[in-house]
Amino acid sequence: MNKKANEQYKSNERVILDVFTRLLEEKDLRKITVKEICENAHINRSTFYNHFEDVYGVLEKMWIIHEENMKYIFRQAHSSSKKENLRMILEYIQDNELFYRVSFHSPIFNRMSAGFEILFKQHEINSSSLKNRYQIEFIKQGMLSTIAYWLDMDCNLSVDDLLDVIDTFYSLK
């Protein structure tokens, strides 16, 4: 692909992502159509399909972008404190509330669940025994459900208060 075509490809992808984000602000994910994205992005369907398989593919790409952003945040300000690491995650989630609210109720939810698994492993929570794996799953699902509820409630609790709630059940020391 030559440089000009590559720039056009990237530009089209950015436009699709921007239009998708605007549509998410207006309506439920399940009601967004490829046709609607194409009309608002002023592109034809074949251009859309050169980038994405379907609407969930756009959401998947957004997840990849947000996942990379979170990794960058961790590399820049990594702390050995579970509480500070979780604070960074929650602040990022709060800053991108709409995307995460939609994501927690979408097929890519399992990717988030896997991300929390990585967080536990970073803090050397022992997952070698069967009983410990059940404990990790219980804590992980509890955290994810609590964060999903927080998002559904428009983040009406401060990050610090949410950390206190989580700390009640999972020691963040």
What one should report as the nearest heavy-atom pair of Q94 and C155 is NE2-CB, 3.8 Å

Taking the six-membered ring for Trp, are the ring centroids of Y134 and F138 within less than 6.0 Å of each other?
-> no

Is any side-chain heavy atom of V19 closer than 4.5 Å to a side-chain heavy atom of F48?
-> no

How close do L59 and V102 get, heavy atom to heavy atom, and via which atoms?
-> CD1-CG1, 4.2 Å

Looking at residues at least two apart in the chain, or sitting in another chain, which of them share a salt bridge (Lys or Arg N to Asp or Glu O under 4.0 Å) with E68?
-> K71

Worked check of side chain to side chain contact (heavy atoms under 4.5 Å, CB included) between K61 and E13 = CA-CA 10 Å; K61 177 65 175 188; E13 187 171 274; 3.2 Å; yes

So does E97 have more than 12 non-hydrogen atoms from other groups sitting under 6.0 Å from CD?
-> yes

Do D154 side-chain atoms and N156 backbone N/O form a donor-acceptor pair below 3.5 Å?
-> no

Point-to-point distance, once rounded to the nearest 0.5 Å, from CD1 of I89 to OH of Y92 = 11.5 Å

pair I37-I32: side-chain heavy atoms closer than 4.5 Å | yes

Looking at CG of D161 and CG of D167, how far apart are the two atoms once the value is rounded to the nearest 0.5 Å?
-> 12.5 Å

Is there a donor-acceptor contact under 3.5 Å linking the side chains of S158 and D160?
-> no

With the threshold set at 4.0 Å, does a side-chain nitrogen-carboxylate oxygen contact exist between K31 and E36?
-> no

Side-chain contact test, heavy atoms from C-beta onward, threshold under 4.5 Å: evaluate it for Y9 versus H51 and give yes or no.
-> yes

Flag the pair E84 and R87 as a salt bridge only when some basic side-chain nitrogen lies within less than 4.0 angstrom of an acidic carboxylate oxygen.
-> yes

Distance, nearest 0.5 Å, that separates CG of L157 from OG1 of T146 = 10.5 Å

Answer yes when K140 and E137 have at least one side-chain N-carboxylate O distance shorter than 4.0 Å, and no when they do not.
-> yes

For the atom pair CD1 (I93) and CD1 (I147), what is the distance rounded to the nearest 0.5 Å?
-> 5.0 Å

Show your reasoning for whether side chain to side chain contact (heavy atoms under 4.5 Å, CB included) applies to F99 and F20.
-> CA-CA 10 Å; F99 168 75; F20 181 74; over 6 Å; no

Spacing of E60 atom CD and E67 atom CD [to the nearest 0.5 Å] = 8.5 Å

In N50, L17, T47, the residue satisfying side chain to side chain contact (heavy atoms under 4.5 Å, CB included) with N12 is T47

Do V159 and W150 pass the side chain to side chain contact (heavy atoms under 4.5 Å, CB included) test, and can you show the C-alpha distance, the side-chain angles, and the key distance before you say yes or no?
-> CA-CA 10 Å; V159 168; W150 177 60; 4.1 Å; yes

The reported gap from CE in M153 to CG in L151 (rounded to nearest 0.5 angstrom) is 11.5 Å

Smallest separation among heavy atoms of A148 and F104, with atom names = CB-CD2, 3.4 Å

Would Y149 end up clustered with V165 when hydrophobic side chains under 4.5 Å apart are linked, directly or stepwise?
-> no

Do F52 and V34 have side-chain heavy atoms sitting under 4.5 Å apart?
-> no

